[in-house]
Structures are given as C-alpha cells and as structure tokens.
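Please read the structure below before turning to the comments.
Lettering follows sequence order; numbering is per chain, from 1.
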Amino acid sequence: MTINFYEQVYAVVRRIPRGKVTSYGRIAAMLGRPQAARAVGYALNALRDKQDDPAYQNIPWQRVVNSQGRISIVSPDNSPNRQAQLLREEGVEVSEHLKIDLDVYLWEGLHLLEIDDIQSGSRLVD
DNA sequence: ACAGTGACAACAT
DNA sequence: TATGTTGCCACTG
C-alpha cells in the first residue's frame with residue numbers, strides 16, 4: 001500500500017498517551033502542514049473503512065478533538081456519543097456538552113526527533 | 001484530469 | 001455565546 005499523509009497521521013495518533021487528547025489542527029501542524037487540519041479529520045474518518053485490517057484496529061482515534069476541545073463526531077440523537085464514552089473510560093472528563101478541558105487533558109505533542117522518525121519512515125509522495 | 005467531499009479552523013456577524 | 005462564511009487540504013471516483 002502507498003505511504004501517504006494518512007499514515008503519518010496514524011503514526012502521530014498512536015503516540016497520544018492514554019488520558020490525553022490533541023486536536024486535528026495540532027496534528028497537522030506537527031506534520032508540518034498547519035493548514036491540513038481538515039485532511040487529518042478525513043484521515044481518521046477513513047479508519048472506519050479499514051477496521052477489517054488488524055493494522056488499523058488499535059489507533060486511539062478518540063483522543064483527537066477539535067481546536068475548542070469539543071468532540072466533532074455527531075452521533076444520532078438520543079444515542080450516547082461513542083467517542084465521549086471511550087474517553088471517559090480512560091479517565092478523561094467529558095462534559096455533557098461533549099467538551100474537554102484542554103488546560104487539563106491536552107497532550108504536549110511530539111518533539112522534533114520523533115517527528116523525524118515518523119516522516120523518515122513514511123514520506124509523502126511528491 | 002478535475003470536481004466533490006469532510007471527525008477542521010479562523011473570522012465575522 | 002451561537003451561527004454562518006470562507007479558506008484549506010488530501011483523497012476519491
């Protein structure tokens with residue numbers, strides 16, 4: 001399969017520790033594409049079609065929220081929000097309005113060396 | 001090749 | 001605060 005931006009996104013998401021969260025935009029910025037927040041969301045959405053592949057089954061996608069600390073996934077009315085549930089299970093407080101306090105739960109992010117690892121192992125096709 | 005699509009984000013009301 | 005608008009970007013058919 002082709003190594004691409006999505007793979008870089010997954011590599012970053014896998015490094016978000018339990019009990020912490022980050023945002024789509026921050027992930028994009030870590031990968032040197034500060035304008036690609038939307039594409040990060042698209043990448044995580046694509047995981048839904050990859051769930052039959054074990055390689056993609058343990059990616060903690062629930063730890064990614066929007067820049068305001070709110071969950072972006074809309075669940076059917078009167079149905080509990082799956083992402084909120086997963087986060088609470090790992091100790092993250094999620095308000096009834098699906099908001100998370102970034103002052104408390106924001107992940108610090110990657111250091112430059114770690115970014116280098118990811119990008120050398122999964123380079124973008126130019 | 002190209003228009004359409006979204007789990008974004010910043011800004012303007 | 002809450003919507004609405006606009007710019008973005010990687011991927012897809």
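At whole-Å resolution of the value, NE2 in A/His97 and P in C/dT1 are 12 Å apart. The distance from atom CZ of A/Phe5 to atom C1' of C/dC8 is 11 Å, rounded to the nearest whole Å. Residue A/Asn45 contributes atom CG, which lies 9 Å from atom P of B/dC8 at whole-angstrom precision. With rounding to whole Å, A/Tyr24 atom OH is found 16 Å from C/dA10 atom C1'. Atom CG in A/Asp49 sits roughly 14 Å away from atom C1' in C/dG13 (whole-Å rounding). Computed from coordinates, the A/Leu44 CG to B/dC8 C1' distance equals 11 Å when rounded to whole Å. Rounding to whole angstrom units, CG of residue A/Leu31 and C1' of B/dC8 are separated by 15 Å. With rounding to whole Å, A/Tyr6 atom OH is found 12 Å from B/dC8 atom P.
Between A/Gln68 and A/Trp61, the residue anchored closer to the 5' end of DNA chain B is A/Trp61, taking for each the nucleotide with the nearest heavy atom.
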Intermediate values then yes/no, side-chain hydrogen bond (donor to acceptor under 3.5 Å, both in side chains), A/Gln85 and A/Gln62: CA-CA 9 Å; A/Gln85 179 187 349; A/Gln62 72 274 18; over 6 Å; no
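Comparing C/dA10, B/dA7, B/dA9 by their nearest atom to the side chain of A/Tyr42 picks out C/dA10. In the set B/dA7, B/dA9, C/dC11, C/dC11 carries the atom at the smallest distance from any side-chain atom of A/Asn4. Nearest nucleotide to the side chain of A/Arg38, out of C/dG7, C/dA10, B/dA7: C/dG7.
Using a 4.0 Å heavy-atom cutoff across all strands shown, A/Arg48 reaches at least one base atom of the nucleic acid. Nucleic acid contact for A/Asn66: sugar-phosphate only, since backbone atoms but no base atoms lie under 4.0 Å from a heavy atom of the residue.
The aromatic rings of A/Tyr56 and A/Tyr10 sit perpendicular to each other, their planes meeting at more than 60°, with 30° as the lower class boundary.
Applying the 4.0 Å criterion to OP1 and OP2 of C/dC9, one finds that A/Arg33 has every side-chain N and O outside that range. In terms of phosphate contacts, A/Ser67 brings no side-chain nitrogen or oxygen within less than 4.0 Å of OP1 or OP2 of B/dC8. A sub-4.0 Å separation between OP1 or OP2 of B/dA9 and a side-chain N or O of A/Ser23 is present.
Although no hydrogens or angles enter the test, the distance criterion places a donor-acceptor pair under 3.5 Å between the side chain of A/Lys20 and the main chain of A/Val104.
Side chains of A/Asp117 and A/Arg15 form a contact here, defined as non-hydrogen atoms less than 4.5 Å apart.
Look at A/Glu90 and A/Arg63 and you find a salt bridge, because one of the NZ, NE, NH1 or NH2 atoms lies within 4.0 Å of a carboxylate O, short of that distance.
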